[in-house]
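Step one of this worksheet: look at the structure below.
Chain letters run A, B, ... following the sequence lines, proteins first and then strands; every chain starts at 1.
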Amino acid sequence: MGLDLKPILTHTNIKLSDLSNKIIAVDAFNTIHQFLATIRGSTGELLTNSHGEITSHLSGLFYRNINLLAEGIKLVFVFDGVSSPLKTDEIQRRHQIKQIAAENYEKALVQGKLEEARKYSQATSVLTDKMIEESKRLLFLLGIPTVQAPSEGEATAARLTNSDLVQICASQDYDSILFGAKRLVRNITISGKRKVPNRNAFIDVPLEIYNLEDILNQTNLTNEQLVDVGILIGTDYNIGGIPGIGPKTALKLIQKYSKLENIDQLQEQLSNVPYEEIRELFLKPKVANVTNNDIKFEPVDYDKVVEFLCTEKNFSPERVNSALQKVQNSEKNKNQSLEKWF
DNA sequence: CAAGACGA
DNA sequence: TCGTCTTGG
């Protein structure tokens, strides 16, 4: 998976409520994949409606986004387009992992090893076109704008943080840092929420914020050099990187030699790596041209959300309504607090 | 993953 | 009332 930058990137911890009124570009594929991996029944099966249509992605998107909206967080979901030919190996690798996991899943099911089955099932998820369309539809009904990226979603999401349209990227992967995102937030979940004793309030388990400027200052690297570090470690475009070189070594090498071309002892191994192309992909990626008019935050369409989730997808009306209530209440609170100013 | 049920 | 377990679809 992706890029193991964590050991060399500093971050600060924040609370979910610190993101109130912030505009966040969410890596849609990354998020939906996570939901498909984790929102499952006891034997690892995906949630479905009565017609067998998968609903795990909708469950995750609905309940999480409701909580983020209630927190006053503004979201823009960025969807992947066509990925670079350089990513073919990585895509193939993921296919293989899914196939093996699917076989192990079936085996474990037959043997009645349910816990094992559930574990394997998490790696089998396939994101279909139908799921993508349904996700976009639900986001639309929730009033959350979506952006279609021409290539990597993270590239467009990162570029948005260089405008005034968006302040932060949300993803579990670190690629957006290499794509030049000013800020990255990881672990944007609400399950870390803990109720605080004796009061109607919550404390939040910390989310991680990565700030590109701080990272470059602390590592004494440029954006270009950070990409070189990534290439040594391994990206989706050169899986595994240079054998034997991990994050710490990669950082030291670039700090010492300043770029890949200067590391004499690695020239032979680097000759198999199209690093100039990879640099181009991270530093000058194809991105969507997004303007102010493309990002409009609309109110939730309560009736249509209920119709979609409850009527079409067999969600519990009680659960859906009480979730929607949260947003309605928080809007009331906002209006009240606004009135106090006047 | 997140909500709701449940039991200490 | 609070943390833990189970269900959701």
Side-chain angles (χ1 to χ4, degrees), chain A residues 1 15-17 19 24 26-71 73 75 77 101 109 114-128 130-135 137-139 141-142 144 170-173 185-208 300 302 305-330:
Chain A
M1 265 281 206
K15 296 175 284 142
L16 192 63
S17 53
L19 297 176
I24 302 179
V26 181
D27 181 353
F29 274 29
N30 185 278
T31 303
I32 298 169
H33 258 300
Q34 233 103 49
F35 290 144
L36 288 175
T38 54
I39 304 181
R40 287 168 178 271
S42 50
T43 62
E45 84 279 9
L46 288 157
L47 306 188
T48 65
N49 69 359
S50 58
H51 303 305
E53 297 173 313
I54 292 164
T55 54
S56 294
H57 56 307
L58 300 175
S59 177
L61 278 175
F62 175 67
Y63 290 113
R64 179 181 296 175
N65 284 337
I66 282 292
N67 281 293
L68 299 182
L69 290 176
E71 202 69 59
I73 300 169
L75 302 166
F77 271 71
L109 264 190
L114 297 188
E115 273 180 47
E116 227 176 276
R118 198 171 195 287
K119 195 185 73 195
Y120 286 126
S121 75
Q122 304 217 349
T124 65
S125 320
V126 175
L127 183 45
T128 66
K130 181 176 177 178
M131 292 175 192
I132 295 165
E133 287 317 306
E134 287 176 339
S135 298
R137 181 170 163 210
L138 178 58
L139 290 167
L141 296 179
L142 291 173
I144 297 172
S171 177
Q172 290 305 100
D173 294 345
V185 59
R186 297 184 72 246
N187 307 342
I188 190 167
T189 67
I190 68 143
S191 62
K193 267 196 169 190
R194 299 284 148 73
K195 205 173 181 305
V196 69
N198 306 327
R199 277 197 298 130
N200 188 19
F202 293 87
I203 52 161
D204 304 318
V205 160
L207 319 191
E208 299 172 355
V300 177
Y302 294 89
V305 168
V306 170
E307 189 187 321
F308 182 33
L309 293 181
C310 302
T311 309
E312 271 186 58
K313 302 298 181 187
N314 300 153
F315 279 54
S316 149
E318 289 79 12
R319 283 187 173 208
V320 169
N321 280 316
S322 83
L324 290 171
Q325 205 74 48
K326 284 190 211 169
V327 182
Q328 218 160 22
N329 290 340
S330 88

Please report the interatomic distance CG(A:D27) to CD(A:Q172), rounded to the nearest 0.5 Å.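 Interatomic distance, A:D27 CG to A:Q172 CD, rounded to 0.5 Å: 10.0 Å.
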
Spacing of A:L36 atom CG and A:M131 atom CE [to the nearest 0.5 Å]: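 Result: 5.0 Å between the selected atoms.
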
Would you please say whether a donor-acceptor pair under 3.5 Å links the side chains of A:N314 and A:S50?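 Distance-only check passes for A:N314 and A:S50.
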
So, using side-chain hydrogen bond (donor to acceptor under 3.5 Å, both in side chains) as the criterion, who are the partners of A:S322 when residues are at least two apart? none

Partner residues of A:S125 under the side-chain hydrogen bond (donor to acceptor under 3.5 Å, both in side chains) criterion, sequence neighbours left out: A:R40

Between the main-chain N or O of A:S316 and the side-chain N or O of A:E318, is there a donor-acceptor pair closer than 3.5 Å?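 No, because the side chain of A:E318 does not come within donor-acceptor range (under 3.5 Å) of the backbone of A:S316.
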
Short heteroatom pairs, N/O only, protein and nucleotides 5-9 of chain C, under 3.5 Å:
residue : atom : partner : partner atom : Å
C:dG8   : O6   : A:R40   : O            : 2.9
C:dG9   : OP1  : A:S316  : N            : 2.8
C:dG9   : O3'  : A:T48   : O            : 3.3
C:dG9   : O3'  : A:T55   : OG1          : 2.8
C:dG9   : O3'  : A:K313  : O            : 2.8
C:dG9   : N2   : A:L46   : O            : 2.7
C:dG9   : N3   : A:T48   : N            : 3.3

Contact class for A:S50 vs. all strands (heavy atom < 4.0 Å): base, sugar-phosphate, or nothing?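 Answer is nothing: A:S50 stays at 4.0 Å or more from every strand.
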
Anything under 4.0 Å to a heavy atom of chain A counts; send over the first and last such nucleotide of DNA chain B, read 5' to 3'. B:dC1 to B:dG4

If the condition is salt bridge (charged side-chain N to carboxylate O under 4.0 Å, His left out), which residues does A:E53 pass it with, not counting sequence neighbours?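 Partners of A:E53 by the salt bridge (charged side-chain N to carboxylate O under 4.0 Å, His left out) criterion, ordered by chain and then number, come out as A:K130, A:K313.
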
Sequence neighbours left out, what passes salt bridge (charged side-chain N to carboxylate O under 4.0 Å, His left out) with A:R186? Give chain and number order. A:E208

